2 protein chains.
Amino acid sequence: MTGRSPKPLAPAVLTGLASRWALLIVDALAEETLRYTRLHGRVDGISHQMLARTLRALERDGIVVRTAHATVPPRVEYALTPAGRDLRTRVAGMCAWSRAHLPEIEAARERFAAEAEHTRLRRAGLAAVPGGPPAAPLTATDALAGPARRPGDGGREIGIDRADPFLVPRANAAWARLALRYRLYGPAGEFLLATAVDDGPPRWRAVRVLPGADLMGAGAAAFLGTAAGRPEFAALSPDGRVALRATTGAARVRVIAVPTDRPGRDAASC
Amino acid sequence: MTGRSPKPLAPAVLTGLASRWALLIVDALAEETLRYTRLHGRVDGISHQMLARTLRALERDGIVVRTAHATVPPRVEYALTPAGRDLRTRVAGMCAWSRAHLPEIEAARERFAAEAEHTRLRRAGLAAVPGGPPAAPLTATDALAGPARRPGDGGREIGIDRADPFLVPRANAAWARLALRYRLYGPAGEFLLATAVDDGPPRWRAVRVLPGADLMGAGAAAFLGTAAGRPEFAALSPDGRVALRATTGAARVRVIAVPTDRPGRDAASC
DNA sequence: CGGGATCCGGAGCGATACTG
DNA sequence: CAGTATCGCTCCGGATCCCG
């Protein structure tokens, strides 16, 4: 048994146990036989239905015995068979493993997520910089949500026709122009980018532009939009005073600069 | 650690490992680091895509390390991390369990299936009898397949309007009448019933009728049709000489008796 | 109380095609 | 060779209702 297990054995049995409910139920029945409802309370999160189904599957495989007393109201008890008790020790081994390595696992997940983010950024021509997101006057959701505000309050908007064959370079140029004019970049060229996270609201990330960056093409294709030439993202200057946003409408791609505090002279007159 | 494991720990990690592919991959990487394609050959049954996805998940959780050599063609190797090697011993424990208890498990499955069949039969008002299915001149699929033959060859058909309020008792009576007239029952009242199996063709099962049987109502609802009053099944006399079939058409339920060998006088004239 | 039957959305998974 | 992208389907799993 030092090597791999014989081919046909593992799959046949594993398929039955490869549900997390099966493992949790075996664990819950570890030392007492339980009635249905108590068991339901123990497994925590399982639905009424899944408990019944998984119990039947376990009974089918001889891991659990079901004892129904013919009383009113009915009284049904579930317990592990000898095979089930044996299995339970193995399951406990896996649980012990998870407890022992939990910090490692979480660290690995964070490293993996960071690595993935860096890869996406690099594809867009950006580099993450250590500067963390300061308390911004605008939240990422604010800057991203809703129809883009018209920049009547001292900002500026540039639109490019989506049919334009030079859409991507022109949008990139517009972005660069507005970023410079409205002082998006901090002293080291850094600014805040709203990166979409899988679950939860977007998060501000401090980045800087690398030579040859292509936010509207490769960047939009990577994660700053839905596809190349369809950007959908927002940026914020490190001091939080100006927001830049790129958004894709039906006919045109728009790049918008909006001062976020006291709109007026100093930004627009620059 | 003698009791149940702490609630929040198990689910978090188990969800990642509750896929049979994850366990099989960990097992496959037990002692050698493998390249993608070799690994694909080892895991046996996994799709190209699932291997890639599961590997990424395992890498994400720090169970597997991916080493990509920047050569042409690319060369990527997968190996277990220390945590992965630790996990692997636990997985091996589960595999050992499956090997040790495999006969038990298969026996339990057969017992369960038999029990389920008996329950279904009892619900229809039937009892299984030890008599096994002899080599019947008709296979179950023959008797069940296609549109029911008109009994021009010495048999008899009785139809009942599906709108008839007494459909079920009348169909039951028709079945009983034809069963007696065409000698469906053997000496002990037994006959062969084509029971639908989940996978594979129908199988002949030796049964006998219990008092108060209701093949067309409860029986059809249980497994001899699609619902009460919609029977769809076939029976065969133990000697295989006569087939009875109940089938549900658009307007009527039909009960049909068909001699299977030398149609003619002795059966029809009875 | 302890389920079963049914409906339905979403995740899992496979087949195929394309890429560096 | 070692993936990723897209599509489509199946089955998991939950919510709800019903039954003995």
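Numbered from 1 within each chain, the chains take letters A, B, ... in sequence-line order. Because the structure is predicted, anything quoted here is derived from the model rather than measured.
- Not one side-chain nitrogen or oxygen of B:Y78 sits closer than 4.0 Å to the OP1 or OP2 atom of D:dC1.
- Checking C:dG2, D:dT4, D:dG14 against every side-chain atom of A:M50, the shortest atom distance belongs to D:dG14.
- In this structure a side-chain-to-backbone donor-acceptor pair under 3.5 Å is present from A:H40 to A:I46.
- Remark on DNA chain C: of its neighbouring residues A:R56 and A:P74, the 5'-side contact belongs to A:P74, judged by nearest-heavy-atom nucleotide.
- Nucleotide D:dA2 holds its P atom 9 Å from the CD atom of B:E77, rounded to whole Å.
- For A:R53 and C:dG3, the shortest distance from a side-chain N or O to OP1 or OP2 is not below 4.0 Å.
- Atom CZ of B:R123 is separated from atom P of C:dG3 by 14 Å (rounded to the nearest Å).
- At the heavy-atom level, B:R66 lies under 4.0 Å from the strands shown only through sugar-phosphate atoms.
- For B:R245 and B:E232, the salt-bridge test passes: some basic side-chain N is under 4.0 Å from an acidic carboxylate O.
- A straight line from CD of B:Q49 to P of D:dA2 spans 16 Å, rounded to a whole angstrom.
- The side chain of B:W21 approaches C:dC13 more closely than any other nucleotide in the set C:dG2, D:dA2, C:dC13.
- Summarising the geometry, the separation between NE2 on A:H40 and C1' on C:dG4 is reported as 15 Å, rounded to the nearest angstrom.
- Considering only side-chain atoms of A:S47, the nucleotide from C:dG2, D:dG14, C:dG14 that sits closest is D:dG14.
- Here A:R109 does not pair with B:E59 in a salt bridge; the nearest charged N to carboxylate O distance is not below 4.0 Å.
- In this structure, the CD1 atom of A:I46 is 14 Å from the C1' atom of C:dG3, given to the nearest Å.
- Distance CZ (A:R20) to P (D:dG13): 7 Å, rounded to an integer number of Å.
- Across the protein-nucleic acid pair, B:L17 atom CG and C:dG12 atom C1' stand 17 Å apart, rounded to whole Å.
- An OP1 or OP2 oxygen of C:dG12 is reached within less than 4.0 angstrom by no side-chain nitrogen or oxygen of B:S19.
- With respect to B:E77 and B:R75, a salt bridge is recorded, a charged nitrogen being found less than 4.0 Å from a carboxylate O.
- Straight-line distance from the NE2 atom of A:H48 to the C1' atom of C:dG3: 6 Å, rounded to whole Å.
- Residues A:H101 and A:E104 bring a donor and an acceptor atom of their side chains to less than 3.5 Å of each other.
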